[in-house]
Amino acid sequence: MKIDTVVGAARGAMGYMAYDHAGGSAIIVDAPYGTAATFRKAAAHANVEVLNIVSTHGHWDQIAENAQLAEVFSAPVSAHSWDSGRLSNPAISTEKVEEKVPPVRGKSLDLHLGEDQLLNVGDLTFKILHTPGHTPGSICLYEAKAGVLFTGDLLMQQEVGRADYPGGNQGKLMQSLARIATLPDATKVFPAHGLPTTLGKERWLLELATLATL
């Protein structure tokens, strides 16, 4: 798997384009503000077809450019059903929105992702893990062969996601962290904020979360 990282213009949000090989198929995970042009250039440079645009959760800083990317790539935009309403109506967001977020309309809002659903992207297969806590519809995307996990705001380098926004739930956040704790230490973590890490490096956080669920 090859991964291009794109840094957004607000809150240091991160988006990713993952693809099987140059000239192959790609998926975009999260679309922070100000990233559409960079994603377009990355896709052109790798000569890939973007098949899916996925939001790990519905906060504005991760969905800001979904509409632009859907138009650029003619690809469906997807999120878990609990958060997908924010994609078509960003105005319902309850956290402070620093930029105007256009809605995704019509056929572009194509999929409501659910637990254990598989997204096939060329030679890659992403399993959807429903990991609520930061938001009700937060998800992770796990590619087992490559040992890659896109965690959104669930787990970042040396920190876990906040649960104090409306819709957040600390208990469910701990349960979600305990769930991904069952994956191998070598699993590479690509979060919605900050630098990549591995589950092994964050094992102490995962163990604390697991203890909190006992």
Side-chain angles (χ1 to χ4, degrees), residues 1-7 13-32 35 38-39 42-43 45-58 62-63 66 69 73 75-81 83-84 110-135 137-157 160-161 175-203 205-206:
M1 180 194 300
K2 298 182 182 296
I3 300 174
D4 288 350
T5 302
V6 177
V7 183
M14 314 294 283
Y16 303 96
M17 185 180 76
Y19 54 103
D20 49 4
H21 54 81
S25 301
I27 185 173
I28 288 175
V29 180
D30 289 330
T35 58
T38 305
F39 274 123
H45 183 264
N47 189 31
V48 293
E49 180 184 6
V50 175
L51 300 181
N52 304 88
I53 301 161
V54 175
S55 296
T56 58
H57 59 290
Q62 303 308 134
I63 69 171
N66 277 343
L69 290 174
F73 295 115
V77 179
S78 311
H80 190 274
S81 56
D83 277 24
S84 61
D110 186 62
L111 295 173
H112 291 179
L113 300 173
E115 171 68 18
D116 290 337
Q117 186 169 342
L118 300 179
L119 286 179
N120 295 310
V121 182
D123 296 333
L124 305 174
T125 300
F126 293 92
K127 184 177 182 179
I128 303 302
L129 309 179
H130 181 209
T131 49
H134 182 62
T135 69
S138 290
I139 59 172
C140 294
L141 288 79
Y142 181 51
E143 217 293 331
K145 290 183 295 183
V148 166
L149 184 69
F150 294 99
T151 55
D153 275 8
L154 173 64
L155 177 69
M156 294 152 280
Q157 188 179 64
V160 302
Q175 292 172 3
S176 294
L177 289 164
R179 180 184 184 187
I180 66 169
T182 62
L183 299 176
D185 276 356
T187 303
K188 296 178 284 292
V189 171
F190 292 86
H193 298 273
L195 296 174
T197 183
T198 67
L199 289 184
K201 291 179 180 177
E202 313 307 326
R203 182 58 59 186
L205 284 170
L206 300 176

Minimum heavy-atom separation for [X] to [Y], with atom names?
X: His57; Y: Ile63; value: O-CG2, 3.6 Å
X: Gln62; Y: Ala13; value: OE1-CB, 3.3 Å
X: Phe39; Y: Gly15; value: CZ-C, 3.8 Å
X: Asp153; Y: Met156; value: O-CE, 3.7 Å
X: Pro196; Y: Pro191; value: CA-CD, 4.0 Å
X: Gly137; Y: His130; value: CA-NE2, 4.0 Å

What pairs with Asp185 under salt bridge (charged side-chain N to carboxylate O under 4.0 Å, His left out), at least two apart in sequence or on another chain?
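If we apply the salt bridge (charged side-chain N to carboxylate O under 4.0 Å, His left out) test to Asp185, skipping adjacent residues, the hits are Arg203.
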By salt bridge (charged side-chain N to carboxylate O under 4.0 Å, His left out), which residues pair with Glu49, not counting sequence neighbours?
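Partners of Glu49 by the salt bridge (charged side-chain N to carboxylate O under 4.0 Å, His left out) criterion come out as none, since no residue qualifies.
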Mind checking the [atom1]-[atom2] spacing from [X] to [Y]? Nearest 0.5 Å is all I need.
X: Thr38; Y: Asp4; atom1: OG1; atom2: CG; result: 10.5 Å
X: Leu199; Y: Lys188; atom1: CG; atom2: NZ; result: 10.5 Å
X: Lys127; Y: Cys140; atom1: NZ; atom2: SG; result: 12.0 Å
X: Thr198; Y: Gln157; atom1: OG1; atom2: CD; result: 9.5 Å
X: Phe73; Y: Asn52; atom1: CZ; atom2: CG; result: 12.0 Å
X: Leu129; Y: His80; atom1: CG; atom2: NE2; result: 11.0 Å

Under 3.5 Å, is there a donor-acceptor pair between the Ser138 and Thr135 side chains?
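The answer is yes; a qualifying pair exists.
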Say whether Asp83 and Ser55, considering side chains only, have a donor N or O and an acceptor N or O under 3.5 Å apart.
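Per modelled atom types, Asp83 and Ser55 side chains form no pair under 3.5 Å.
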Parallel, tilted or perpendicular: which one describes the rings of Tyr16 and Phe190, with boundaries at 30° and 60°?
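Ring orientation of Tyr16 relative to Phe190: perpendicular.
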Residues 19-29 side chain polar contacts: donor-acceptor under 3.5 Å, at least two apart:
residue: Asp20; atom: OD1; partner: Ser25; partner atom: N; Å: 3.0
residue: Asp20; atom: OD2; partner: Asp123; partner atom: N; Å: 3.1

Are the side chains of Leu149 and Leu141 in contact, using a 4.5 Å heavy-atom criterion?
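No, side chains not in contact.
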Are any of the side-chain heavy atoms of Val48 and Met17 separated by less than 4.5 Å?
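Yes - at least one pair of side-chain heavy atoms lies under 4.5 Å apart.
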Check against side chain to side chain contact (heavy atoms under 4.5 Å, CB included), Ile180 and Leu206:
CA-CA 8 Å; Ile180 66 169; Leu206 300 176; 4.1 Å; yes
Let me know which of Thr56, Ile139, Leu177, Val189 forms a side chain to side chain contact (heavy atoms under 4.5 Å, CB included) with Thr151.
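Testing each of Thr56, Ile139, Leu177, Val189 against Thr151, the sole residue satisfying side chain to side chain contact (heavy atoms under 4.5 Å, CB included) is Val189.
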